Amino acid sequence: GLVYAYRDRRTKKRNIRVLEYLAWPWVTVTGDHMFEKRAKAQDAFNQPFIRLAKETGATLMPCGPGLVNVIKKDQKFMADFHYGDVHVSLLGSYFTACVIFAEIYNKSPEGLPSVFHEYKIDKDTARTLQVTAWETVQEWQKIQRAQQ
């Protein structure tokens, strides 16, 4: 607690914004209703981060919750993202970058390039990811304001 309180005082004094990366739980789920089990695990995983952000004044970058939001739109993304693994796929990494962009710049990543290195994402998929990243960031900004 003291380290976070000290960091919080110093960052406020210097007008520094602390961003905390909120990932996804690395849990194995089996059987029926796998997405529902993963979504429930994500909700439980979020709670300590929400408390930490409230205590420290940090801003959460809701990458894991955003993955859930995309999967809600189309469950094919659960496999496409490798959701639940320690590291997500390149498609999941692209989505994570969209969330980070949206949080840092407080604007939609819609229209950003959908090609990085040799990896190309079709325009419709990229748009879905970009829009969902922005929707997720806006949702979490409301959650964090309510916690203050």
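Heavy-atom basis, side chains included; hydrogens, waters and symmetry copies ignored. In this text the structure is predicted, and so the values were computed from the model without any measurement.
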**Student:** Under 3.5 Å, is there a donor-acceptor pair between the Asp43 and Gln47 side chains?
**Tutor:** no
**Student:** Can you name the nearest heavy-atom pair linking Ala53 to Leu60, along with the distance?
**Tutor:**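 Reported closest heavy-atom pair: CB-CG, 3.8 Å.
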**Student:** So how far is it from Leu19 CG to Ile100 CD1, rounded to the nearest 0.5 Å?
**Tutor:** 9.0 Å
**Student:** Would you find more than 12 non-hydrogen atoms of other residues, nucleotides or ligands less than 6.0 Å from Lys76 atom NZ?
**Tutor:**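 Counting neighbours around NZ of Lys76, more than 12 heavy atoms of other residues, nucleotides or ligands fall under 6.0 Å, so yes.
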**Student:** Spell out, as yes or no, whether a donor-acceptor pair under 3.5 Å connects the side chain of Trp24 to the backbone of Asp85.
**Tutor:**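 Yes; judged by distance alone, with no hydrogens or angles, the pair exists.
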**Student:** Are any non-hydrogen side-chain atoms of Ile50 and Trp140 less than 4.5 angstrom apart?
**Tutor:** yes
**Student:** Cut-off 3.5 Å, side chains only: do Tyr21 and Glu103 have a donor facing an acceptor?
**Tutor:**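 No, no side-chain donor-acceptor contact under 3.5 Å.
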**Student:** A side-chain contact here means heavy atoms from C-beta on lying under 4.5 Å apart; do Val88 and Tyr83 qualify?
**Tutor:**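 Val88 does not reach Tyr83 side chain to side chain.
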**Student:** Going by heavy atoms in the side chains, are Thr128 and Asp74 under 4.5 Å from each other?
**Tutor:**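 Sidechains of Asp74 and Thr128: no contact.
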**Student:** Give a yes or no on whether the backbone of Gly111 and the side-chain of Gln130 come within a donor-acceptor separation of less than 3.5 Å.
**Tutor:** yes
**Student:** From Leu112 CG over to Arg127 CZ, what is the distance, rounded to the nearest 0.5 angstrom?
**Tutor:** 13.0 Å
**Student:** Are Val131 and Tyr105 connected, step by step, through hydrophobic side chains (Ile, Leu, Val, Met, Phe, Trp, Tyr) whose heavy atoms are closer than 4.5 Å?
**Tutor:**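 Result: no, two separate clusters.
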**Student:** Would a hydrophobic clustering, with Ile, Leu, Val, Met, Phe, Trp and Tyr connected at side-chain separations under 4.5 Å, put Met78 with Leu91?
**Tutor:**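 In one cluster: yes.
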**Student:** List the atom of Val99, the atom of Cys63, and the distance in Å for their closest heavy-atom pair.
**Tutor:** CG1-SG, 3.8 Å
**Student:** So Gln144 and Thr59, do their side chains get closer than 4.5 Å, heavy atoms only?
**Tutor:** yes
**Student:** Are Val115 and Leu90 connected in a single hydrophobic cluster, I mean Ile/Leu/Val/Met/Phe/Trp/Tyr linked by side-chain heavy atoms less than 4.5 Å apart?
**Tutor:** no
**Student:** Are Phe35 and Val29 close enough that some pair of their side-chain heavy atoms sits under 4.5 Å apart?
**Tutor:**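 A side-chain contact is absent here, since even the closest heavy-atom pair is not under 4.5 Å.
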**Student:** Suppose the criterion is side chain to side chain donor-acceptor pair (under 3.5 Å): which pairs have a residue in residues 30-41, not counting sequence neighbours?
**Tutor:**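 Pairs touching residues 30-41 that pass the test: none.
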**Student:** Please state whether the rings of Phe49 and Phe45 are parallel, tilted or perpendicular, taking 30° and 60° as the class boundaries.
**Tutor:** tilted
**Student:** Going by atom types alone, do Thr132 and Asn69 pair a side-chain donor with an acceptor below 3.5 Å?
**Tutor:** no
**Student:** Out of curiosity, Leu129 CG to Glu110 CD, how far, rounded to the nearest 0.5 Å?
**Tutor:** 11.5 Å
**Student:** Determine yes or no for a side-chain-to-main-chain donor-acceptor pair under 3.5 angstrom, with Ser114 supplying the side chain and Ala126 the backbone.
**Tutor:**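 Looks like no, no N/O pair under 3.5 Å.
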**Student:** Answer yes or no: is there a side-chain heavy-atom contact under 4.5 Å between Asn106 and Phe101?
**Tutor:**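 Side chain of Asn106 against side chain of Phe101, heavy atoms only: no contact under 4.5 Å found.
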**Student:** Taking Thr56 for its side chain and Leu52 for its backbone only, find out whether a donor-acceptor pair lies under 3.5 Å.
**Tutor:** yes
**Student:** For the OG1 atom of Thr96 and the CE atom of Met61, what is their distance to the nearest 0.5 Å?
**Tutor:**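 Thr96 atom OG1 to Met61 atom CE measures 9.5 Å (nearest 0.5 Å).
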**Student:** If every non-hydrogen atom of His82 is compared with every non-hydrogen atom of Ser89, which pair is closest and at what distance?
**Tutor:**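 Where His82 meets Ser89 most closely, the heavy atoms are CD2-CB, 3.8 Å.
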**Student:** Decide yes or no for Asp80 and Thr125: does some side-chain heavy atom of the first lie under 4.5 Å from some side-chain heavy atom of the second?
**Tutor:** no
**Student:** Are side-chain heavy atoms of Leu67 and Phe77 found at a separation under 4.5 Å?
**Tutor:** no
**Student:** How long is the gap from CE on Met34 to CD on Gln75, to the nearest 0.5 Å?
**Tutor:**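 CD of Gln75 is found 10.0 Å from CE of Met34.
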**Student:** Which atom names give the shortest non-hydrogen contact between Ala102 and Trp134, and what distance separates them?
**Tutor:**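 In terms of heavy atoms, the two residues are closest at CB-CE3, 3.8 Å.
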